[in-house]
There are 2 protein chains.
Amino acid sequence: MKHITIKDVAKKLNCSVSTISRAFNDKYDIRKETRDHILETAKEMGYSPNPMAKSLLKQCSNQIGVVVPEFINAFFPEVIIGIQEVFIKKGYQVLIMQSGESQITELENVKTLENNMVDGMIISLSLETKNVDYYKKLIQQGFPLVFFNRVSNELETSKVLIDDYKWAFFATEHLIYQGYKKIFHFSGPEGLMFTQNRKNGFIDAHRKHKLPIENDSIITAGLMINDGEREMEKLINENNIPEAIFAVNDPTAIGAMKMLKKHGYKIPEDVALVGFTESRLAPLIDPPLTSVAQPTKEIGRTAALLLLEQIESKGIFVPQTVILNGRLNIRESSMKLK
Amino acid sequence: MKHITIKDVAKKLNCSVSTISRAFNDKYDIRKETRDHILETAKEMGYSPNPMAKSLLKQCSNQIGVVVPEFINAFFPEVIIGIQEVFIKKGYQVLIMQSGESQITELENVKTLENNMVDGMIISLSLETKNVDYYKKLIQQGFPLVFFNRVSNELETSKVLIDDYKWAFFATEHLIYQGYKKIFHFSGPEGLMFTQNRKNGFIDAHRKHKLPIENDSIITAGLMINDGEREMEKLINENNIPEAIFAVNDPTAIGAMKMLKKHGYKIPEDVALVGFTESRLAPLIDPPLTSVAQPTKEIGRTAALLLLEQIESKGIFVPQTVILNGRLNIRESSMKLK
DNA sequence: AACGTTTCCGAAAACGTTTCCGGAGATATA
DNA sequence: TATATCTCCGGAAACGTTTTCGGAAACGTT
């Protein structure tokens with residue numbers, strides 16, 4: 001159970017600890033033969049430097065922290081894979097914490113990671129976040145921070161996003177091109193930037209094509225399957241069935257689809273559906289769901305690279321916002337069959 | 001950027017660092033008023049003890065490590081949520097690493113965590129793992145280790161499992177009760193214990209009901225969607241269509257389903273399907289897939305509790321194997337319609 | 001021969017904690 | 001009054017590293 005330390009190696013080799021350290025850190029002031037000899041016996045003994053001691057001394061940990069709202073859905077895990085790809089290659093470790101959509105846990109997580117001396121963090125905000133002030137403090141201290149997807153425009157940091165507005169616009173336009181006229185939007189919780197942007201895309205696509213937007217055609221639903229189910233059921237009860245629905249994300253679209261099928265509606269013949277943030281479900285459900293795919297791993301990689309840049313650029317540094325491209329994957333759920 | 005240390009607090013209060021430390025660790029030899037005063041100003045200053053320094057000194061980190069093969073599918077993330085539930089409450093942090101089904105990365109991850117002085121690890125082995133010797137060494141050193149789901153019977157540690165044999169047996173029996181006779185099994189990669197167990201359950205269910213097993217009715221497929229697709233396509237080409245399929249897991253079942261639907265087969269009328277390790281997809285695809293659900297969070301919680309027990313029982317400790325109950329969720333994909 | 005350079009290495013300080021040891025003062029006991 | 005016992009606190013060592021500083025030896029230059 002006892003760990004082998006640098007001292008054990010020094011004792012065994014009858015030399016000082018500093019020499020061992022030099023051997024491991026490839027310093028110039030050590031003879032090559034000594035170095036090789038040290039590395040060899042160190043390996044034999046199973047020694048490897050203790051990262052905590054190193055962190056304590058260097059005041060940085062070679063660790064970065066990631067805080068995400070959840071990893072129930074595929075989105076965040078995939079982003080994390082992209083993040084890890086970059087950092088592991090660079091010899092960093094990635095500590096992952098989830099805040100469960102709670103601002104309190106989110107703040108706790110951030111503080112824990114801070115105490116652990118992570119060299120930077122990549123964060124996607126929880127739904128209700130009101131931790132902006134704390135993040136501002138961190139930013140002011142020069143702590144490297146990168147946000148993705150769920151961001152706040154009050155914070156001046158690097159950000160990675162996709163253009164929600166643009167892709168919501170395209171998705172809506174796609175429905176319009178198919179000839180649908182009575183199109184509804186199932187929207188997310190107010191206050192989230194992406195909710196606003198997707199809604200605006202929906203609206204402006206209508207404007208461009210000079211289609212009127214009914215008063216009740218934008219429905220604040222939520223982000224989960226049961227949100228979609230609930231709102232769809234309401235519409236069915238009111239017998240207010242649209243020709244097509246553009247949903248703020250896949251789960252709400254899927255919820256709506258479930259409810260429609262349950263009541264005997266055919267998709268896309270009776271109602272067409274488009275989702276957002278393509279989930280793994282999209283191509284597998286019946287009918288396959290049209291959705292805007294986000295480049296998840298790419299988001300992770302980009303965020304990681306931005307953070308790395310900031311960490312290494314000790315000091316002057318200009319926050320960047322990178323907007324990645326999505327893709328509209330058109331599938332049966334939105335194809336008007338003639 | 002500079003962290004506030006115990007020394008800063010000591011200087012401000014004109015007392016020694018040891019006193020501050022005592023205040024924070026609630027030692028008996030400090031006057032209550034001094035303690036309260038210290039805690040108050042420390043809070044004001046925004047001080048909190050540096051966990052790395054503490055770890056270095058105490059030779060343990062209050063961190064535990066989790067190594068899983070992947071978190072693409074929902075299974076492992078859900079288990080992790082269960083693990084975190086327990087440990088966060090106890091003041092531990094949970095470091096998560098994924099090995100990507102590679103034994104090499106798995107070993108690296110384990111060593112990284114070891115270097116980071118985690119107090120214990122929870123592991124689910126990668127497909128091809130041959131790291132048994134290394135784990136044996138750790139166990140011999142008394143390092144707390146708990147495995148779940150993907151375990152090795154060569155290792156004497158606590159384990160959390162579900163009874164794959166039993167539930168495969170039930171799942172198969174369910175198909176038999178429905179009246180299906182020509183039942184195939186899409187099996188996982190050889191060498192994995194759960195593959196063997198599920199296969200044996202399949203076989204013994206046939207024995208019990210005195211149903212013959214054809215030579216070619218057990219097919220080694222894999223664990224992914226495309227494995228299911230590939231093997232199903234072969235069967236279709238050979239025109240060797242079973243009445244029902246019990247698949248080693250949901251993705252293979254779903255792959256088979258996709259391919260069957262593509263070729264115009266109706267489910268369950270032409271072919272019935274049953275999966276395993278219920279995925280979030282199961283109830284949503286068309287038709288909904290019958291599958292054995294595993295109590296994912298419960299698995300995580302149980303593993304966490306077992307590990308905690310071992311960590312706290314400094315010394316004597318008897319490894320336990322906990323077998324949790326699954327549940328067969330019967331859905332349309334396996335219901336014989338009369 | 002005297003001096004300056006270079007090459008290599010050891011000693012020691014530092015990172016931020018906790019804890020053991022001892023000591024000062026106060027209180028209780030004889 | 002002298003001694004023993006508490007109560008509370010400071011000093012210093014320790015955890016495992018890296019790095020600065022200085023010094024010894026070897027070499028080159030005049």
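Residue numbers start from 1 in every chain, and the chains themselves are labelled A, B, ... in the order their sequence lines are given, proteins ahead of strands.
- Considering only residues two or more places apart in sequence or on other chains, B:Y92 meets the ring pair (Phe, Tyr, Trp, His ring centres under 6.0 Å) condition with B:F87.
- Between the CG atom of A:L57 and the C1' atom of C:dA13 there is a distance of 10 Å, rounded to whole Å.
- Looking at residues two or more places apart in sequence or on another chain, you find no side chain to side chain donor-acceptor pair (under 3.5 Å) involving A:E156.
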Next item on the list: For B:T277 and B:Q294, run side-chain hydrogen bond (donor to acceptor under 3.5 Å, both in side chains): C-alpha distance rounded to whole Å, both residues' side-chain angles, the deciding distance at 0.1 Å, then the answer.
Entry: CA-CA 6 Å; B:T277 311; B:Q294 300 202 39; 3.0 Å; yes
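- Straight-line distance from the CG atom of B:D8 to the C1' atom of C:dT17: 13 Å, rounded to whole Å.
- Helical stems of DNA chain D (runs of at least 3 Watson-Crick or G-U pairs, donor-acceptor distances under 3.5 Å) are listed by first residue: C:1-30 with D:1-30.
- Taking a 4.0 Å limit (strictly below) on heavy-atom distances, residues 10-17 of chain A reaches DNA chain C at A:C15, A:S16.
- Computed from coordinates, the A:I30 CD1 to C:dG10 P distance equals 9 Å when rounded to whole Å.
- A straight line from CZ of B:F24 to P of C:dT18 spans 9 Å, rounded to a whole angstrom.
- B:S124 contributes no side-chain N or O that, together with a main-chain N or O of B:V68, makes up a donor-acceptor pair within less than 3.5 Å.
- Remark: C1' of C:dC15 and CD1 of B:I4 are 17 Å apart, rounded to the nearest angstrom.
- Using a 4.0 Å cut-off between charged side-chain N and carboxylate O, B:K43 and B:E40 make no salt bridge.
- Put simply, A:Q59 has a side-chain N or O that comes within less than 4.0 Å of OP1 or OP2 on C:dG16.
- For the pair A:R31 CZ and D:dA26 P, the computed distance is 11 Å after rounding to whole Å.
- Within the 3.5 Å criterion, the main-chain N or O of A:S313 finds no donor-acceptor partner in the side chain of A:Q310.
- Residues passing the ring pair (Phe, Tyr, Trp, His ring centres under 6.0 Å) test with A:F147, sequence neighbours excluded: A:Y135.
- Summarising the geometry, the separation between CZ on A:R22 and P on D:dT18 is reported as 11 Å, rounded to the nearest angstrom.
- Nearest to the side chain of B:K7, among C:dC15, D:dC8, C:dT18, sits C:dC15.
- Put simply, the side chain of A:V146 does not reach to within 4.5 Å of the side chain of A:M121, judged on heavy atoms.
- Counting only distance, with no hydrogens or angles, the side chain of A:T19 and the backbone of A:C15 share no donor-acceptor pair below 3.5 Å.
- The stretch residues 32-56 of chain A touches DNA chain C through A:T34, A:L56, each having a heavy atom within less than 4.0 Å of the strand.
- Atom NE2 of A:H3 is separated from atom P of D:dG16 by 10 Å (rounded to the nearest Å).
- Relative ring orientation between A:F148 and A:F75 is described as tilted, the plane-to-plane angle lying within the 30° to 60° band.
- Judged purely by atom type and a 3.5 angstrom limit, A:S61 uses its side chain to pair as donor or acceptor with the backbone of A:M117.
- Along DNA chain C, the nucleotide nearest B:K58 and the nucleotide nearest B:D29 are compared for position; the residue whose nucleotide lies closer to the 5' end is B:K58.
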